[in-house]
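Reading through the structure tokens given below for one structure.
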Amino acid sequence: MRRTNFKGVIIFLGLTVCYVLGEADLGLDTTKPKILDGKNVPNNPTRHAVKSIQSEDGDIIDCIDIYKQPSLDHPSLKNHIIQKSGSCPKGTIPVVRRRTHNDDELLSNSRKKSPLTVHQRNHSKAILLTEGYNYAGVKADIKVWNPHVESDDEYSTSRISLRSGPWYDFESVEAGWAVNPGVYGDRQTRLFTYWTVDASKKTGCFDLTCPGFVQTSHEIALGAAIYPISVFRGLPYQITLFIFKDPNTNNLWVQYGERTNIGYWPPKLFKTLTYGAECAEWGGDVYSSKLEQVPHTETQMGNGNFPDYIDGNSGYMKRMRILDISLNLKFPEWVGTYADEYWCYQSQYVSDYVVDPEFYFGGPGRNDMCP
């Protein structure tokens with residue numbers, strides 16, 4: 001069987017670069033990813049795979065025709081012309097498949113709604129936000145951790161977000177990292193995107209698990225595991241993400257690592273967000289049915305510690321920027337912090353004694369003050 005390397009992402013001390021790699025490049029197992037004929041992958045439900053790449057961490061990455069990706073099944077995107085930017089062969093995109101908890105069956109292109117499609121009372125946020133203007137983009141360096149997630153139907157994210165509308169019926173897009181066993185089938189830290197047009201009541205999902213987000217990159221796979229992961233007193237690994245509106249098409253793009261455009265949300269998905277966001281957010285979000293009650297969930301935010309701006313031993317965001325309606329990338333004129341459950345997850349904004357303002361957030365969930 002022919003073997004090859006898959007173009008992936010290495011994170012170096014806050015810098016993200018695309019690089020052709022195998023596990024050996026990371027000092028891990030020296031066995032390189034195996035190339036499988038997409039038609040011969042066991043229990044493969046992906047009909048349009050040109051080829052499939054199997055990695056040692058259990059991921060199978062299907063390279064599917066760019067015009068046959070599940071996002072284009074959305075009624076609003078019929079006959080949609082893809083705004084292209086281009087490992088998988090050109091003309092295809094990488095789609096990560098997950099293994100289930102109980103056996104070797106493969107999850108692929110699930111159409112089921114993610115745990116985000118519930119009432120917002122099941123979310124606990126610790127965020128920095130700005131509002132009052134029209135925002136065309138949001139950007140940040142996000143420190144990468146692997147927080148504990150207590151139950152399979154819970155998750156923890158660190159993300160940037162653009163949002164418009166009232167709390168009970170808002171439109172939003174998000175990008176960041178997540179530990180989400182309900183969607184990905186494991187507890188690895190993974191790159192994600194998310195969108196909704198009705199506060200997650202009936203619409204929206206992660207990555208490509210429902211029609212909506214249009215992927216254009218053949219290099220970066222949504223849902224791919226991120227490594228290395230930060231450890232206390234170790235190297236502070238982080239990823240750089242940027243959500244921005246194309247002024248010519250109104251597509252809302254997600255950019256990874258300063259240069260790689262992963263894909264976009266077409267404007268036809270939204271009613272108000274297409275014309276600019278009312279709010280930009282940076283920070284963490286925990287989903288659980290055990291919030292604001294006793295016992296509280298032990299699912300962590302960040303790395304499970306409360307904000308720590310001295311040692312950086314918590315979730316943080318740096319180089320935070322908004323893109324204003326005149327397409328100026330800058331730090332916002334006004335920001336404020338917010339936490340749904342202060343004794344469980346906290347937020348801290350630091351602007352003194354630093355060249356560029358920083359935001360720290362996180363918490364352990366259940367503790368002596370949050371029983």
Go through it in stages, so that I can follow the logic: the residues are Cys344 and His296, the test is side-chain contact (heavy atoms from CB on, under 4.5 Å), and I'd like the CA-CA distance, side-chain angles, deciding distance and then a yes or no. CA-CA 9 Å; Cys344 309; His296 192 278; 3.7 Å; yes
How are the rings of Trp265 and Phe213 set relative to one another: parallel (under 30°), tilted (30 to 60°) or perpendicular (over 60°)? perpendicular
Determine whether the side chains of Thr297 and Glu154 contain a donor N or O and an acceptor N or O closer than 3.5 Å. yes
Transitively linked via ILVMFWY side-chain contacts under 4.5 Å: Val138 with Leu129? no
I need the minimum non-hydrogen distance between Gln346 and Ala126, along with the two atoms involved. O-CB, 3.5 Å
Is there a path of hydrophobic side-chain contacts, each under 4.5 Å between heavy atoms, that joins Val350 and Ile310? yes
Working to the nearest 0.5 angstrom, can you tell me the gap between Leu273 CG and Glu278 CD? 9.0 Å
Does Asp356 have any salt bridge (charged side-chain N to carboxylate O under 4.0 Å, His left out) partners at least two apart in sequence or in another chain, and if so, which? Arg321
I need the Lys125 NZ to Tyr338 OH distance, nearest 0.5 Å. 8.5 Å
Enclosure of Asn328 CG (heavy-atom neighbours >12, cutoff 6.0 Å): yes
If you take all heavy atoms of Ser230 and Pro236, which pair is closest and at what distance? OG-C, 3.7 Å
Cluster question for you: counting only ILVMFWY and a side-chain heavy-atom cut-off of under 4.5 Å, with indirect links fine, are Val173 and Tyr275 together? no
One pair to check against salt bridge (charged side-chain N to carboxylate O under 4.0 Å, His left out): Glu298 and Lys290. What are the steps and the verdict? CA-CA 9 Å; Glu298 291 183 339; Lys290 297 178 288 185; over 6 Å; no
Please tell me whether Thr130 and Tyr135 have a donor and an acceptor in their side chains that are separated by less than 3.5 angstrom. yes
Give the intermediate values and the outcome of side-chain contact (heavy atoms from CB on, under 4.5 Å) for residues Trp282 and Ser347. CA-CA 10 Å; Trp282 302 261; Ser347 57; over 6 Å; no
With Pro307 as partner, the option from Tyr345, Tyr360, Tyr349, Phe359 fulfilling side-chain contact (heavy atoms from CB on, under 4.5 Å) is Tyr360
Determine whether the side chains of Thr274 and Asn250 contain a donor N or O and an acceptor N or O closer than 3.5 Å. no
Of the non-hydrogen atoms in Ser164 and Thr272, which two are nearest, and what is the gap between them? CB-OG1, 3.6 Å
Interatomic spacing from CG in Leu222 to CG in Asp207 - rounded to 0.5 Å: 5.0 Å
Between Ser200 and Tyr194: side-chain donor-acceptor atoms closer than 3.5 Å: yes
Taking every heavy atom of Lys201 against every heavy atom of Asp169, the minimum-distance pair comes out as NZ-OD1, 3.5 Å
Drop me the distance from Trp145's CH2 to Thr189's OG1, to the nearest 0.5 angstrom. 11.0 Å
Is there a continuous path of hydrophobic side-chain contacts, each under 4.5 Å between heavy atoms, that joins Val286 to Trp343? no
Working for side-chain contact (heavy atoms from CB on, under 4.5 Å), residues Thr337 and Phe361: CA-CA 10 Å; Thr337 60; Phe361 62 94; over 6 Å; no
Return the CG to CD1 distance between Leu208 and Ile93, rounded to the nearest 0.5 Å. 5.5 Å
Applying side chain to side chain donor-acceptor pair (under 3.5 Å) to Tyr342 and not counting sequence neighbours gives none
Assert yes or no for the condition that the ring centre distance of Tyr353 to Tyr309 is strictly below 6.0 Å. no
Would you say Ile160 ends up clustered with Tyr316 if hydrophobic residues are merged whenever their side chains have heavy atoms under 4.5 Å apart, either directly or through other cluster members? no
Below 30° counts as parallel, above 60° as perpendicular, anything between as tilted: where do the rings of Tyr155 and Tyr287 land? parallel
Looking only at side-chain N and O atoms, does Ser289 offer a donor or acceptor that is under 3.5 Å from a partner on Asn122? no
Using 0.5 Å steps for rounding, measure from the CG atom of Asp59 to the OG atom of Ser52. 12.0 Å
Least distance between heavy atoms, Pro94 atom then Ile61 atom: CB-CG2, 3.5 Å
Closest non-hydrogen atom pair between Pro267 and Asn251, with its separation: CD-OD1, 3.0 Å
Sequence neighbours left out, what passes salt bridge (charged side-chain N to carboxylate O under 4.0 Å, His left out) with Asp324? Give chain and number order. Lys330
Which is it for Val197 and Trp195 under the side-chain contact (heavy atoms from CB on, under 4.5 Å) test, yes or no, and what are the steps along the way? CA-CA 7 Å; Val197 297; Trp195 68 278; 3.8 Å; yes
